[in-house]
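Structure first, commentary second.
Residue numbers start from 1 in every chain, and the chains themselves are labelled A, B, ... in the order their sequence lines are given, proteins ahead of strands.
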2 protein chains.
Amino acid sequence: MTQRTASAATQSGGLPIQRRTYSIGELAKMFEVTPRTIRFYEQEGLLAPERRGQTRVYREKDRVRLKLTLRGKRLGFSLAEIREVVMMYDAMPDGNARQLQRLLEILAEKRDNLERQLEDIRLMHRELDDVETRAREVLSGLGAEPPKH
Amino acid sequence: MTQRTASAATQSGGLPIQRRTYSIGELAKMFEVTPRTIRFYEQEGLLAPERRGQTRVYREKDRVRLKLTLRGKRLGFSLAEIREVVMMYDAMPDGNARQLQRLLEILAEKRDNLERQLEDIRLMHRELDDVETRAREVLSGLGAEPPKH
DNA sequence: CAAGCACTTTACGTTAACGTAAACCTCGGC
DNA sequence: GCCGAGGTTTACGTTAACGTAAAGTGCTTG
């Protein structure tokens, strides 16, 4: 097998600790992106994996970050926007009040964004329903079998 | 006033007919985009206004199209995707069964997309809640007044 | 030890969706 | 008659988010 991939999750003791690590290729397949994408995200300051020699080693934390990043992308956020939130999230423990205020602002803004998207989705859903209804009507009017699939 | 803009909506009779037209600048302000954007959408086959001489004249239909286009954009659809749906919607009356089938396929796909986005939004919402909660905790721990806004 | 595979860096290429600039027309008002 | 506000075309520039190719490193497997 060509699977000498990641370190085992169990130490001699046997407790399934979170010491699981991932290679860049693993993460890539896991999220259906290319390694290039993951490296690019690192270059953009969204990931900061460790290095074993020259090779990148990703931990759970990195995996979660990547997941959040991709989710943000699906919602149409730019990498810059995503970074802004993710980095502040990480910088939280230092507890700079000013930064936290800024973070809350950003969060409120993102929330507004999501609200608008939700409304857009509802509207779009209706439009699609209309189009589909009309399409089926025309189809049945043609004497074709209405696809009940 | 520099408002010699669009033709009136009422003819001699007085019925508020839909004969309202818009200039490119009007639409631009209305939707907070630039004229360039609107011209670009036309070039991409999303709009097809009439011409009075050389000047573009937009009707209600065009306004609606533009609205749908921008909504689609907010949802992360590419102009190509939007065009695919919008154009088929227009081509519907001809009633080509094959095209209609294709349209239904596309609609189903868009619908799936929307579903995923909804789920993403729900998840993202939770994350934001978490982050905000933590931020407020840290803030209050600092002795600062928790902003009750 | 040679092959192969996964990783690395560097760097140039690409696509979508416009922005921006130049140079022109045209119309109503003073 | 000219000016300014809007409209027009043409064309090159820009940004984000990667793709792609080249050339090298390091392990392990036959």
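The OH atom of B:Tyr22 sits 19 Å away from the C1' atom of D:dG6 (whole-angstrom rounding). To the nearest angstrom, P of C:dC7 lies 14 Å from CZ of A:Arg52. If you measure from atom CZ of A:Arg51 to atom P of C:dC7, you get 13 Å, rounded to the nearest angstrom. One atom, CG of B:Leu66, and another, C1' of C:dC18, lie 14 Å apart when rounded to the nearest Å. Atom CD of A:Glu42 and atom P of D:dC18 are 15 Å apart (whole Å). A straight line from CZ of A:Arg39 to P of C:dC7 spans 8 Å, rounded to a whole angstrom. Summarising the geometry, the separation between CZ on B:Arg56 and P on C:dT26 is reported as 15 Å, rounded to the nearest angstrom. With rounding to whole Å, B:Lys29 atom NZ is found 14 Å from D:dG7 atom C1'.
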Could you list all N or O pairs between the protein and nucleotides 14-17 of chain D that sit under 3.5 Å apart?
from	atom 1	to	atom 2	distance (Å)
D:dA17	OP1	A:Leu79	N	3.0

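Side-chain contact between B:Leu75 and A:Ile121 is present, with at least one heavy-atom pair separated by less than 4.5 Å. At a threshold of 4.5 Å between non-hydrogen side-chain atoms, the residues B:Phe77 and B:Val85 do not count as touching.
A salt bridge links A:Arg63 with A:Glu60: at least one charged nitrogen is closer than 4.0 Å to a carboxylate oxygen. Salt bridge absent: B:Glu137 and B:Arg134 never bring a charged side-chain N and a carboxylate O closer than 4.0 Å. Comment: A:Glu115 does not engage A:Arg111 in a salt bridge, judged by the lack of any side-chain N to carboxylate O separation of less than 4.0 angstrom.
Taking both residues in full, the closest heavy atoms of A:Thr34 and A:Ala28 are given as C-CB, 4.1 Å, listed atom of the first, atom of the second, then distance.
Of all nucleotides listed (C:dT8, D:dG7, D:dT9), C:dT8 comes nearest to the side chain of A:Ile24.
Within a 6.0 Å radius of CD in A:Glu32, no more than 12 heavy atoms belonging to other residues, nucleotides or ligands are found.
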Legend entry - Nucleic acid footprint by protein, nucleotides 19-24 of chain C - heavy-atom cut-off 4.0 Å, B for base, S for sugar-phosphate alone: BB----
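Distances shown here put a side-chain N or O of B:Ser23 below 4.0 Å from the OP1 or OP2 atom of D:dG7.
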Could you pull out all donor-acceptor pairs under 3.5 Å where a side-chain atom in residues 39-47 of chain A meets a protein atom, sequence neighbours excluded?
from	atom 1	to	atom 2	distance (Å)
A:Glu42	OE1	A:Arg56	NH1	2.7
A:Glu42	OE2	A:Arg51	NH2	3.4
A:Glu42	OE2	A:Arg56	NH1	3.4

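For A:Asp112 (side chain) and A:Glu109 (main-chain N/O), no donor-acceptor pair under 3.5 Å exists by modelled atom type.
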